[in-house]
S.K.: 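Got a structure for you, written out below as structure tokens; questions coming shortly.
Labels below follow one simple rule: chain letters A, B, ... track the order of the sequence lines, proteins then strands, and each chain is numbered from 1.
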There are 2 protein chains.
Amino acid sequence: MAEFFHPSRDDITLTGVLGALGDQTRLAIVRRLALAEQGLNCSRAAAFPDVPKSTLSNHFRMLREAGVVRMVKRGVENINTVRREDLDARFPGLLDSILAAATAAEGPIPLAERADGAA
Amino acid sequence: MAEFFHPSRDDITLTGVLGALGDQTRLAIVRRLALAEQGLNCSRAAAFPDVPKSTLSNHFRMLREAGVVRMVKRGVENINTVRREDLDARFPGLLDSILAAATAAEGPIPLAERADGAA
DNA sequence: ACGGAAGTTCGAAATTACCGAACTATTGGA
DNA sequence: TCCAATAGTTCGGTAATTTCGAACTTCCGT
């Protein structure tokens, strides 16, 4: 399969980003990715037992096409990272304020859901 | 008609707010409302000739139910204001960073679209 | 080559958004 | 008081989007 499509930095739109993050599942994914240093595959970034994987695949595609997440194939898995530099360059402070708001309103990501595998 | 439903401050959700603002029309409405000192009726806040009024009515309802906008009946019109205090209390800095990102990425609201009637 | 792991794609069903038409409520004027 | 205009809402059908199970593809280890 060919590489994934990613919008260039200047093609990232504010409403696109807000819409992508305006969903519980996708926001949770991005929160986990933001915690991870080196990127996470889809299964680790989105370990929600109740959400079918086809739905999760769609969520990752939405995040990618909105310019929030970069996806790179590595073997059998896709490594996802938050496009922090691009987002910070285009919308300074936005991502941090959203992540801070998520933490303030909903608390830190529970340990059981931590992507780094820490117990 | 009864009063409009508004979520209490603590019932405002982050994904609700982001979803409400993740739309060109609704973000433009909120940008205008944020500029206005004393609130605007729907027609002034959303002077988009190409958007039907039933659609605009739905947009205002979404903004209201997400907790972004407060609506008060005054005579034949509804006065809309951004719920700035509630939003700032619940998600400090979020609204400002979104408005700043909108201005940075799309520029200031054009004079012809200014809600204060200034030429 | 086989089997498992990780995701994607497809298609149908469910949900949601859009918009024209009709309706309600309020105000100002004849 | 009655009429018309203004400002929005509601309703109903259609269009667009989202969801999700099943089948498929790709890659890696054995």
S.K.: So does B:Ser43 get a side-chain nitrogen or oxygen closer than 4.0 Å to the phosphate oxygens (OP1/OP2) of D:dG8?
M.R.: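 Yes.
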S.K.: Are A:Leu33 and A:Thr81 side-chain neighbours, meaning at least one heavy-atom pair lies under 4.5 Å?
M.R.: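 In short, these two side chains do not touch, never coming nearer than 4.5 Å.
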S.K.: Report the residue from B:Leu21, B:Asp88, B:Leu14, B:Leu87 that forms a side chain to side chain contact (heavy atoms under 4.5 Å, CB included) with B:Leu94.
M.R.: B:Leu14
S.K.: Between C:dT24 atom C1' and B:Glu77 atom CD, what is the distance in whole Å?
M.R.: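 So the CD-C1' distance, B:Glu77 to C:dT24, works out to 16 Å.
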S.K.: Without decimals, in angstroms, what is the distance between B:Lys53 NZ and C:dG20 P?
M.R.: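 Taking NZ of B:Lys53 and P of C:dG20, I get 11 Å after rounding.
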S.K.: Specify the separation, in whole Å, of atom CG of A:Asp50 and atom P of D:dC20.
M.R.: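 Interatomic distance, CG of A:Asp50 to P of D:dC20: 10 Å.
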S.K.: Verify the contact: side-chain N or O of A:Asn78 to OP1 or OP2 of D:dT26, cut-off strictly under 4.0 Å; return yes or no.
M.R.: no
S.K.: Rounded to the nearest Å, what distance is computed from the CZ atom of residue A:Phe4 to the C1' atom of nucleotide D:dT25?
M.R.: 12 Å
S.K.: Report the distance from atom CG of A:Leu40 to atom P of C:dA6, rounded to the nearest whole Å.
M.R.: 13 Å
S.K.: Rounded to the nearest angstrom, tell me the gap between atom CG in A:Asp23 and atom P in D:dT18.
M.R.: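 Interatomic distance, CG of A:Asp23 to P of D:dT18: 9 Å.
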S.K.: Just how far, in rounded Å, is C1' of C:dG4 from CG of A:Asn41?
M.R.: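 A:Asn41 atom CG is separated from C:dG4 atom C1' by 15 Å.
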S.K.: Taking all heavy atoms of B:Arg9 and all of B:Asp86, pick out the closest pair and write down the distance.
M.R.: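 Here B:Arg9 and B:Asp86 meet closest at NE-OD1, 2.7 Å.
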S.K.: Heavy-atom nearest nucleotide on DNA chain D for B:Asn80 versus A:Val76: which residue maps closer to 5'?
M.R.: B:Asn80
S.K.: For the residue pair A:Asn58 / A:Thr55, report whether a side-chain donor-acceptor contact shorter than 3.5 Å exists.
M.R.: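 Short answer, no.
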S.K.: Run the side-chain contact (heavy atoms from CB on, under 4.5 Å) test on B:Glu65 and B:His6 for me, step by step, so that the C-alpha distance in whole Å, both residues' side-chain angles and the decisive distance to 0.1 Å come before the verdict.
M.R.: CA-CA 6 Å; B:Glu65 293 180 349; B:His6 293 86; over 6 Å; no
S.K.: With a 4.0 Å heavy-atom cut-off, tell me which residues in residues 55-71 of chain B come close to DNA chain C, sorted by residue number.
M.R.: B:Thr55, B:Asn58, B:His59
S.K.: Which pair of heavy atoms, one from B:Ile79 and one from B:Gln38, lies closest together, and at what distance?
M.R.: CG2-O, 4.1 Å
S.K.: Mind listing the closest non-hydrogen atom pair of A:Val17 and A:Ala66 along with its distance?
M.R.: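 Minimum heavy-atom contact is CG2-O, 3.9 Å.
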S.K.: Given atom CZ of A:Arg26 and atom C1' of D:dT19, what is their separation to the nearest angstrom?
M.R.: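 Roughly 12 Å, once rounded to whole Å.
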